[in-house]
Amino acid sequence: MTDLTPQKEAALAAIEETDSLDALDAERVAALGKKGWVSLALKSLGGMSPDQRQQAAPAIQAVRSAIADAIESKKATLEAAALEAQLANETIDLTLPAPVMPVGTIHPVSQVMDELAEIFADLGFAVATGPEIEDDWHNFTALNMDESHPARAMHDTFYFPDTAPDGGDAASSSEAAGQKRMLLRTHTSPVQIRTMKEIAAANPGGAPVRIIAPGRVYRSDSDATHTPMFHQVEGLVIDEGIHLGHLKWTLETFLKAFFEREDIVLRLRPSYFPFTEPSVEVDVGYANENGRRVVGGHGDDEGHDWMELLGSGMVNRRVLEMGGFDPDRWQGFAWGLGVDRLAMLKYGMDDLRAFFDGDPRWLAHYGFSPFDQPTLSAGVGARA
Ligand code: DAH
């Protein structure tokens, strides 16, 4: 039997001298690989007599283990050295400024809608919603604007093609037929009807209502002060013994909280809306300060004027009826107000179209930080 000691010594020396993982692997293959000399020695055991084998086997196994152990430990050394080298080369400069993470802003319209909900919550109003794809009956007929009503023409409605009922003029104002004709709602007023019907379904004849309905509305109109999509907030209050005084107080209280000033003066002018009787146009006094409209003060005072702010009135009996309410028992008032215009007035933007351009520079300037939101300096409760 050949003595493997010289080969073993040579291999251990070679392993010790390797300076890369690749070189180390070559040494492993030379000794322990399929055709490596240790493997061949192990194979040679098969041709030996049992006595010889008993003597030779432990010696060969010992050589095998010694080499495998040497490779293992050299491998650990080389890997640790590689990591050390990497750590020494790669430096992290903790004094460098951190990369800027872009942070979005809250759109002024969303901000104002939140403020509206917050203020009206103080006054006991819930937020109601309705679909933007609305039907003709809820958008017009139930609001006392039947097929032939001239006020329909003022709405520049986007209708969905192919949803008109076949023929039947007389029937087309009926609830079922009108609900087949679809459009993009032209105002938030249909939410009045949906809310009333829902409440009347649970309370036959009606029950007290106090809601606001903020949302998107659509009209085929576009210039510096009109966009085809804009935002309104509808208000509806129904109870027993409700009158115009409640309407005026509610709007005044809201506007004081919203503009955060006490000197809000309202002027109610007679007007006409099919869904209210009587109807009023509500103006607010403002001053012109450096070309900017600043809400507050009496519109007839020096340096002041009136600005039309919203439409409102006492809910028309016919609308109460169509909502399933008994008009002999319940009275109510309603209003509709442009949210975008309210945002422009409070936060000083002058072009409505910029609201919907999605220009990040505009949003960075006029948007609100999600982490540092301006909160109203005082809610309605705090003022009372
Ligand atoms: N819906 C009306 C519009 O969009 C606004 C309006 C006026 C709403 C009077 C009302 C109201 O609820 O009472 O022009």
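When a ligand or atom number is given, it counts from 1 through the structure's own listing order. Residues take their numbers from the sequence shown, with the count starting at 1.
- Within ligand 1, counting atoms from 1 as listed, the ones closer than 4.0 Å to a heavy atom of A334 are 12 (O), 13 (O).
- Distances below 4.0 Å separate heavy atoms of S312 from the following atoms of ligand 1: 9 (C), 11 (C), 13 (O).
- Shortest contact from atom 8 (C) of ligand 1 to any protein heavy atom: G336 N, 3.3 Å.
- Within the structure, ligand 1 lacks E277 among the residues with a heavy atom less than 4.0 angstrom away.
- Per-residue contacts place F273 under 4.0 angstrom from the following atoms of ligand 1 (heavy atoms of the residue considered): 7 (C), 9 (C).
- Considering backbone and side-chain N/O of G311, none are found under 3.5 Å from N/O of ligand 1.
- Donor-acceptor pairing under 3.5 Å is recorded for the side chains of D146 and S148.
- Ion pair R269/E308 flagged as a salt bridge, since at least one NZ, NE, NH1 or NH2 atom sits closer than 4.0 Å to an Asp/Glu carboxylate oxygen.
- Atoms CD1 and OG1, on I211 and T195 in that order, are 3.5 Å from each other to the nearest 0.5 Å.
- Residue D350 places its CG atom among 12 or fewer non-hydrogen atoms of other residues, nucleotides or ligands, all under 6.0 Å distant.
- For a threshold of 3.5 Å applied to N or O pairs, the pair formed by Q192 and ligand 1 contains at least one separation below that value.
- Salt-bridge formation is detected for the pair R194/D135: a Lys NZ or Arg NE/NH1/NH2 atom is positioned less than 4.0 Å from an Asp or Glu carboxylate oxygen.
- Looking at K346 and E115, a side-chain N of the basic residue comes within less than 4.0 Å of a carboxylate O on the acidic one, giving a salt bridge.
- In the vicinity of G313, heavy-atom distances shorter than 4.0 Å reach the ligand 1 atoms 13 (O).
- Close N/O approach between T276 and ligand 1 is not found [any backbone or side-chain N/O within under 3.5 Å].
- Near R219, meaning under 4.0 Å from one of its heavy atoms, ligand 1 places the atoms 3 (C), 4 (O), 14 (O).
- Residue F275 approaches ligand 1 through these ligand atoms, each under 4.0 Å from one of its heavy atoms: 1 (N), 2 (C), 6 (C), 7 (C), 8 (C), 9 (C), 10 (C), 11 (C).
- In this structure, the separation between CZ on F273 and CG on N316 is 13.0 Å, given to the nearest 0.5 Å.
- For ligand 1, the atoms closer than 4.0 angstrom to any heavy atom of S189 are 1 (N), 8 (C).
- The nearest heavy-atom contact from the protein to atom 12 (O) of ligand 1 is E234 OE2, 2.6 Å.
- The contact set between ligand 1 and Q232, taken as ligand atoms under 4.0 Å from a residue heavy atom, comprises 3 (C), 4 (O).
- Checked by atom type, the side-chain pair D51/S49 shows no donor-acceptor distance below 3.5 Å.
- Checked for salt-bridge contact, D223 and R353 miss the test: no charged N lies under 4.0 Å from a carboxylate O.
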